[in-house]
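Below: one structure, written as structure tokens.
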Amino acid sequence: MSNFKNLVSALEQLVDPCTGLALAPPRAGWEVQGDLRACRVELVAGYPLAADAVSGLRHEVAARVEAAGGGFAAFEVRPRIAAHAVQPGLSPAPRVRNVIAVGSGKGGVGKSTTAVNLACPAAAGRQVGVLDADVYGPSVPAMLGLSGRPESPDNKSIEPMRAFGVEAMSIGLLVDADMPMIWRGPMATSALTQLFTDTRWGDLDYLVVDLPPGTGDIQLTLTQKIPVAGAVIVTTPQEIATLDARKALKMFEKVNVPVLGIVENMAVHVCSNCGHAEHLFGQGGGQAMATQYGVPLLGSLPLDLRIREQGDAGTPVVAAAPDSAAAQAYMAAAQAMAAHLAARPRASMPIASTPF
Ligand SMILES: Nc1ncnc2c1ncn2[C@@H]1O[C@H](COP(=O)(O)OP(=O)(O)O)[C@@H](O)[C@H]1O
Ligand SMILES: [Mg+2]
């Protein structure tokens with residue numbers, strides 16, 4: 001037994017490949033079973049790790065077991081996604097463990113595209129939803145290829161619709177596509193809170209909220225009324241876009257919503273004929289902003305014809321072409337986002353009572 005104790009302390013020194021933080025309580029826990037000659041090691045992680053992260057860890061775990069004088073039989077990772085702390089005065093909504101807001105300063109930088117591609121990667125043990133908070137210009141239904149009306153069996157609440165294993169709700173599913181949303185601020189904001197509270201979400205680990213551009217009424221409502229565990233900022237590398245993205249970042253900081261990271265979009269265009277790489281919107285803007293504010297750069301997406309085409313076709317690139325470089329970049333960003341959230345404090349404060 002005491003050997004296992006030493007082994008567990010050795011395992012707790014391994015670091016999370018996404019965050020560089022130790023895989024130790026309260027973020028993660030280790031369980032060792034069997035006997036030292038043939039032990040089964042299980043990592044209980046706060047988010048689902050991608051296959052390459054697991055195989056990297058498997059080598060390190062084997063080395064630690066060997067160093068402890070043991071024999072290695074098996075290694076498994078089990079995700080256990082907790083609800084994380086939200087703004088002071090609010091608590092997480094029932095059935096939605098973590099709301100993650102995707103925001104930007106400017107429109108047209110690829111926020112909705114990023115939101116659906118962060119939500120869609122199929123990963124075992126991860127239930128995700130998308131809430132389209134752009135009530136004036138909803139684009140989530142088209143990007144997920146959704147049509148028809150959601151059902152409302154009790155005439156009070158609405159069932160989310162499903163696409164690519166993801167639950168989705170949008171005002172665009174409730175009104176005709178060509179109907180303009182001629183709403184005053186209070187109507188638009190109450191539409192957002194109703195979409196959030198009146199949707200019968202399943203048991204979601206993450207609800208990705210696609211915000212309209214800017215820092216107006218909708219964003220204010222979101223940060224005051226809806227419990228948000230973290231935010232992701234989308235920007236292009238251009239100076240003018242990062243200037244606006246900084247405002248969005250500051251808004252989240254002001255209301256105590258942690259910024260989990262930045263996604264730089266349209267960073268580079270690779271010519272499909274000659275392979276020449278061009279930085280159409282400048283270079284390094286996302287990284288510079290991340291460094292300045294001490295937040296991670298979750299990913300840098302190329303300007304890629306397929307991202308646009310798949311978006312228009314209603315099949316996000318992560319679902320349509322999961323092996324493409326663009327899809328891989330989104331998947332890595334989704335994993336990094338989940339990893340940085342998992343490193344945040346839990347919603348239920350007493351750390352001592354956490355399951356690890
Ligand atoms: N990385 C990308 N490469 C190519 N086209 C993109 C990329 N990101 C977004 N787009 C396209 O740019 C347009 C605007 O993106 P969208 O996600 O709607 O922006 P926002 O929600 O910020 O207004 C869409 O037509 C989308 O398909
Ligand atoms: Mg949008």
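Both counts, for ligands and for their atoms, begin at 1 and track the order of listing. Because the structure is predicted, anything quoted here is derived from the model rather than measured. All residue numbers in this chain count up from 1 along the given sequence.
For ligand 1, the polar-atom distance check against I307 finds no nitrogen or oxygen pair separated by under 3.5 Å. Checked against a 3.5 angstrom limit, the closest N/O atoms of S139 and ligand 1 fall outside it. Taking distance alone, with nitrogen or oxygen atoms compared against 3.5 Å, D312 stays at or beyond that limit from ligand 1. Backbone and side-chain nitrogen or oxygen atoms of G108 are examined, and one is located within less than 3.5 angstrom of a nitrogen or oxygen of ligand 1. No N or O atom of K106 sits closer than 3.5 Å to an N or O atom of ligand 1. For ligand 1, none of its N or O atoms has an N or O atom of Y330 under 3.5 Å away.
Counting atoms of ligand 1 from 1 in the listed order, those under 4.0 Å from a heavy atom of L303 are 3 (N), 4 (C). Applying the 4.0 Å criterion to heavy atoms of T113 picks out, from ligand 1, the atoms 9 (C), 15 (O), 16 (P), 17 (O), 26 (C). Contact atoms of ligand 1 toward V109: 19 (O), 22 (O) (distance under 4.0 Å to a heavy atom of the residue).
Close to ligand 1: P302, with a non-hydrogen atom less than 4.0 angstrom away. Ligand 1 lies out of reach of S104, whose nearest heavy atom is not under 4.0 Å from it. For G110, the closest heavy-atom approach to ligand 1 falls below 4.0 Å. For the ligand labelled ligand 1, residue M143 lies inside the 4.0 Å heavy-atom shell.
Under 4.0 angstrom from ligand 1, the non-hydrogen atoms of N265 all belong to its side chain.
Side-chain contact, D198 with S157: no donor N or O sits under 3.5 Å from an acceptor N or O. Remark: the Q287 side chain and the T291 side chain contain an N/O donor-acceptor pair separated by less than 3.5 Å. Remark: the T242 side chain and the T235 side chain contain no N/O donor-acceptor pair separated by less than 3.5 Å. The closest side-chain donor-acceptor pair between Y47 and N98, if any, does not fall under 3.5 angstrom.
Other residues sharing a hydrophobic cluster with L220 under the 4.5 Å side-chain heavy-atom criterion for ILVMFWY residues do not exist; the residue is a singleton.
Not one N/O/S atom of S139, from backbone or side chain, sits under 2.8 Å from the Mg ion (ligand 2).
Across A347 and P92, no two heavy atoms sit closer than the pair CB-CG, 3.6 Å.
No more than 12 heavy-atom neighbours from other residues, nucleotides or ligands sit within 6.0 angstrom of CD on E151.
Taking a cutoff of 4.0 Å between a charged side-chain nitrogen and a carboxylate oxygen, D203 and R95 do not qualify as a salt bridge. The pair K111-D134 does not count as a salt bridge, with every side-chain nitrogen at least 4.0 angstrom from each carboxylate oxygen. Under a 4.0 Å N-O distance rule, the pair R37/D35 qualifies as a salt bridge. At a threshold of 4.0 Å, the pair E31-R78 counts as salt-bridged, since one of the basic side-chain nitrogens sits closer than that to a carboxylate oxygen.
Protein heavy atom at the shortest distance from atom 10 (N) of ligand 1 is M266 CE, 3.8 Å. Atom 25 (O) of ligand 1 has R308 CG, 3.8 Å as its closest protein atom, hydrogens excluded (heavy atom only). At the shortest separation from atom 22 (O) of ligand 1 among protein heavy atoms lies K111 N, 2.8 Å.
Distance screen at 4.0 Å: atom 4 (C) of ligand 1 has a protein heavy-atom neighbour inside the cut-off.
Going from atom CD1 of I262 over to atom CE of M289 covers 4.0 Å, rounded to the nearest 0.5 Å.
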